[in-house]
Amino acid sequence: MSSNGKLLKLTLKIWRQKSRSEKGFIETHEMEGISTEISFLEMLDTLNDQLERSGKAPVVFDHDCREGICGMCSLYINGQPHGPAKATTTCQLHMREFSDGETIFIEPWRSAAFPVVRDLRVDRSSFDRIIQSGGYTSIKTGSAPDAHAIPVPKENADLAMDAATCIGCGACVAACKNASASLFTSAKVSQLALLPQGQVERTERALNMVAQMDEEGFGHCTNESECEAACPKEISVENIARMNREYLRASAISRK
Amino acid sequence: MKLNGNVPEGDLKTLWEQHKFNMKLVNPANRRKFKAIVVGSGLAGSSAAASLAEMGYNVDCFCIQDSPRRAHSIAAQGGINSSKSYPNDGDSVHRLFYDTVKGGDYRAREANVHRLAEVSGNIINQCVAQGVPFAREYSGYLANRSFGGAQVSRTFYAKGQTGQQLLLGAYSALSRQIKSGQVTMHTRTEMLDLVMVDGKAKGIITRNLHSGSIDRHAADVVLLCTGGYGNVFFLSTNAMGSNVTAAWRAHKRGAYFANPCYTQIHPTCIPVHGENQSKLTLMSESLRNDGRVWVPRKKEDVEAIRKGTKTAKDIADADRYYYLEERYPAFGNLVPRDVASRGAKLECDNGLGVNETGEAVFLDFSAAIERDGYEAIKARYGNLFDMYQCITADSPYDVPMKIYPAIHYTMGGLWVDYNLMSNLEGLFVLGEANFSDHGANRLGASALMQGLSDGYFVAPYTVSNYLGSNKQEKVSTDMPEFEAAEKAVKETNQKLLDINGKQSVDDIHKRLGKMMWEYCGMARNKAGLEKLVKDTSELRKEFWSDVSVVGENADLNITLEKAGRVADFLELGELMGRDALAREESCGGHFREESQTEDNEAKRDDENFQHVAAWEFKGADNEPERHIEELEFKHCIPSQRSYK
């Protein structure tokens, strides 16, 4: 532990829920000696270690890379998706953001389209189905032209990259009062709409991905921009505007 | 036994073309009669599953995460190499091939590496067509950079998130096939055994990580794309869930494990902060382009820094030991990963480490900021500096970073022949999970290239060849082989739950990790490795008598998941010790203290060790058998690496 680290005493209020169909409840745990140097998930590891040692079921939460890129971690922390730090995933959040004696509420994402699996883990397969409905170019392996055959203006390439940095964590949905997946869906629609490679299927893609988003039970966008504020990758709501234009355009010219 | 890599005869330059022509095909109308199982959904798995499905095969793809998009390929930062030579700076297929063989310290199979260099151009084409937003110049054409000390600019990149963008590209191709029904995706599903029928891989046994249900899956061919085993060290840059279980269970069914002691240690990671630490974070290699590595020359300065009475800024330039620049004037801070890592270890072993644990060195940007200005450095490394500050609360603009080496990649893996098939018929192994292309040391930006090469451009041909040239007896999951394998998996899980010991799974995993780091880390010697083999074997017995696993099998149980993986890591750790012990030479990432040059560089013994060591499992309590595949170098003549 670093010499400038302090030790915290904390009260955790954690959502426990055995399964989708069972009723959940808040469970309280007192934690002592939590170093400000460790990460939030390492604090939860410590709790789980204590629970397991006393023969109790550990708290189930999603995590994997712990580098802020895989999008596996989630958590509502004190009412904010991914906690209080801006542009930071839960796995990159450190305990120095909290103060001694603080009570921390930890809950799962809340959305009808993200049903709880257990405790803090939710099912985000709806996101996969949105991508499956059109978030690709239909290029088969082996049939691609030379990479330099199609130049792309740098500005478009950069905007496409900004949209493509979405990690699919679902914080945008969790932050939205309508539980809309517009930021997530628009990030993929935008990325491909901005690139020449995405032009052929542009119309179908916009229509199909928006339809799938609706079918999954996500709400509509009412321009609150909470999603952008919560997004750990700072994906811009301009992508939603672009998706809306894409959708309008597609609705007007679609042959279906 | 001498193993045969099944490399076809012929001129290296046309070998793959000729082999593609010679290989058997499967008629398009017949492909729908075959099913392939692909385990893992990283770069190798997603690309293979999508490509095979596009050809018309039925594919069942499995991953342990909640979505195939989350595999750990996503965390690769730097870039992907390709021999396209867009910058017109002298690169070629042959140069990429040569650099990769040399970088691997002449312990890789030439023919495999040449094929990798050949298909590297098509990978970039494929990814661009998918809409992967690689960095571009103002001209609209693709940008390249030099990476890891390469003398040509052959690395394509997408900010510091190249792995993410390539994986999302492969995931999009996979998603399209899932939608079409050609791929059945099984998320949150872990492979726990391989099923062999009449000497051929014909299926797997899995555990559903939500329900705990143990299920049987039959197919005509099985592809393992399950990544590396760096988490045997407990602390590594791998994701928390990365594990060796699928590969290890296949090993226990007869697949040989090759060169397990070849592990790569990355020099620039954030140092360990304490016992609660769960993983290590990599800081991109590119930082060494502008950062200067140093430790104080004087012990009293080291003490003062550790106590906090002095900071790096208080140390005069003359009192700073820029040890890489002094020792390697030509390459300076850009020496290869293994050399830079051992340099840090050496200074820290000498008592010059600059944090409380004594295991950190400075990576200092003050000279670069003075030279190029704050804005230029921010443009180059802004996201990395932010990440560092987020984790440590220190700003690298103001104070030097503290870094220390950490386990990052494993070159060893299941043995495969030129067709990427293991010694078990019908079991193919792709990506980091196999051993084939990086020898004893992997070059930067080559992991992404290999994963996609195997999945997009090699396995689709060689798997077809296997299916087309052998009569495939149809198997069903009702067969006794499946029943027996399922029973064994259930019994192993129940055994873990019944131990009811006192130690947690992590307790034992952490102890294993410390042993591995101490005796099989950056520097290894005979006495240490002998101790490691003994200690890991004892720790394994302790695990099976004193571990505590709560919960049930037929339920979501994160402790049981971990326990099964650690049980396999314990056996692997012992094998790594044996492999490192048997290889009485230094090469690449494997540094035996007994075998070094006067300048403390790795000294190979080509006469006795110019071979692959592939281990055969003989039971956990029996000594495994070491098989050999001789390596021939006809195009890259082995030489002593020197970075002076």
Side-chain angles (χ1 to χ4, degrees), chain A residues 1-3 35 37-38 41-42 45-46 49 52-53 55-58 60 62-72 88 92 94 96 117-118 123-125 127-128 131-133 135-141 144-148 151-154 157 160-161 164-165 168 191-192 195 197-198, chain B residues 47 50-51 54 65-67 69-70 72 74-75 84 86 122 124-126 128-131 133 136-142 158-159 161 164-165 168 172-173 175-176 178-179 187 210 239-241 273-274 276-279 281 308 356 387 390-391 393 456 460 504 506 548 550-551 556 558-559:
Chain A
M1 192 199 314
S2 176
S3 52
S35 164
E37 294 298 291
I38 70 172
L41 294 184
E42 285 165 353
D45 290 342
T46 309
D49 190 63
E52 286 180 6
R53 278 176 211 281
K56 292 182 189 140
V60 174
D62 266 329
H63 65 100
D64 201 18
C65 78
R66 297 203 177 186
E67 294 180 22
I69 194 75
C70 76
M72 193 91 165
T88 304
Q92 295 289 81
H94 280 65
R96 68 178 77 91
V117 173
R118 179 165 302 174
D123 178 350
R124 287 171 289 195
S125 55
F127 268 13
D128 285 323
I131 298 296
Q132 286 158 21
S133 70
Y136 44 74
T137 67
S138 297
I139 177 85
K140 282 189 179 180
T141 302
D146 187 87
H148 264 183
V152 182
K154 186 176 187 321
M161 178 65 204
T165 55
Q191 178 200 340
L192 296 172
L195 297 171
Q197 290 83 353
Chain B
S47 59
S51 303
E54 286 164 5
Q65 295 87 353
D66 72 335
S67 162
R69 67 180 286 155
R70 307 206 198 279
H72 195 55
I74 204 146
K84 279 195 166 292
Y86 284 156
N122 262 345
I124 303 301
N125 299 343
Q126 189 65 34
V128 166
Q130 287 168 346
R136 286 176 185 268
E137 312 275 7
Y138 282 103
S139 61
Y141 291 99
L142 292 155
K159 285 194 179 168
Q161 293 141 257
Q164 179 200 26
Q165 294 309 315
L168 293 181
S172 73
S175 294
R176 178 169 161 259
I178 294 170
K179 178 76 175 176
T187 59
H210 277 174
M240 301 299 288
H273 61 59
N276 290 321
Q277 184 134 4
S278 58
K279 78 153 274 164
T281 302
E356 298 75 18
M387 180 153 79
C390 171
I391 293 169
Y456 283 134
S504 77
D506 277 354
S548 158
V550 296
L556 193 162
I558 52 176
T559 320

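Every chain is numbered from 1, with letters handed out A, B, ... down the list of sequences.
- Of the atoms belonging to A/D123, not a single heavy atom falls under 4.5 Å from chain B.
- For the pair A/D146/B/Y86, a side-chain contact is recorded, criterion being any heavy-atom separation below 4.5 Å from C-beta on.
- With a threshold of 4.5 angstrom between heavy atoms, A/Q92 approaches chain B through its backbone and through its side chain.
- Proximity to chain A is limited to the backbone of B/E137, based on heavy atoms less than 4.5 angstrom apart.
- Inter-residue side-chain proximity for B/N276 and A/E37 is flagged as unmet; no heavy-atom pair is nearer than 4.5 Å.
- Looking at A/T88, only its side chain comes within 4.5 Å of chain B, counting heavy atoms on both sides.
- Residue B/R70 comes nearest to A/G71 through the heavy atom pair NH1-O, 3.1 Å, listed as atom of the first residue, atom of the second, then distance.
- Counting heavy atoms from C-beta outward, A/K56 and B/V550 have side chains that stay 4.5 Å or more apart.
- Judged purely by distance below 3.5 Å, without hydrogens or angles, the side chains of B/S67 and A/R124 never pair a donor atom with an acceptor atom.
- The heavy-atom pair separating B/A239 from A/D64 by the smallest distance is CB-OD1, 3.3 Å.
- In terms of non-hydrogen atom pairs under 4.5 Å with chain B, the most contact-rich of A/G68, A/G168, A/A157, A/S125 is A/G168.
- Only the side chain of A/L192 comes within less than 4.5 Å of a heavy atom in chain B; its backbone stays farther off.
- The two atoms that bring B/T559 and A/P58 nearest to each other are OG1-CG, 3.7 Å, heavy atoms only.
- For B/A50, no part lies near chain A; criterion is any non-hydrogen pair under 4.5 Å.
- Of all non-hydrogen atoms in A/C65 and B/K279, the two that sit nearest each other are O-NZ, 2.8 Å.
- For B/I124, the parts lying near chain A are the backbone and the side chain together; criterion is any non-hydrogen pair under 4.5 Å.
- Heavy-atom minimum distance, B/A75 versus A/E67: CB-OE1, 3.8 Å.
- The residue among A/G198, A/A164, A/A160, A/P153 with the most heavy atom pairs within less than 4.5 Å of chain B is A/A164.
- If you measure heavy-atom distances from A/I139 to chain B, the contacts under 4.5 Å come from both the backbone and the side chain.
- Note that the CE atom of A/M72 and the CD atom of B/Q65 stand 6.0 Å from one another [nearest 0.5 Å].
- Proximity to chain A (any heavy atom under 4.5 Å) is shown, for B/L142, by both the backbone and the side chain.
- With a threshold of 4.5 angstrom between heavy atoms, A/V152 approaches chain B through its backbone and through its side chain.
- For A/R53, the part sitting under 4.5 Å from any heavy atom of chain B is the side chain, from C-beta outward, and nothing else.
- For B/D506, no part lies under 4.5 angstrom from a heavy atom of chain A.
- Heavy-atom distances place both the backbone and the side chain of A/D128 under 4.5 Å from chain B.
- A donor-acceptor pair under 3.5 Å is formed between the side chain of A/Q191 and the backbone N or O of B/G131.
- Considering only heavy-atom pairs separated by less than 4.5 Å from chain A, the leading option among B/K159, B/M387, B/Q277, B/Q165 is B/Q165.
- The structure places NZ of A/K154 at 4.5 Å from OH of B/Y138, a figure rounded to the nearest 0.5 Å.
- With a threshold of 4.5 angstrom between heavy atoms, A/H63 approaches chain B through side-chain atoms but not through N, CA, C or O.
- A distance of 7.0 Å separates NZ in B/K179 from OH in A/Y136, rounded to the nearest 0.5 Å.
- Atom-to-atom distance recorded for A/C70:SG and B/H72:NE2 is 8.5 Å, nearest 0.5 angstrom.
- With 3.5 Å as the limit, one finds a donor-acceptor pair spanning the side chains of B/S278 and A/E42.
- Side-chain contact of A/T141 with B/E54: a donor-acceptor pair under 3.5 Å is present, judged by distance alone.
- Residue B/Q164 touches chain A through its side chain alone, counting heavy-atom pairs closer than 4.5 Å.
- The greatest number of non-hydrogen atom pairs below 4.5 Å with chain A, out of B/S548, B/C390, B/G241, B/G551, is found for B/C390.
- The two atoms that bring A/V60 and B/L556 nearest to each other are CG2-CD2, 3.7 Å, heavy atoms only.
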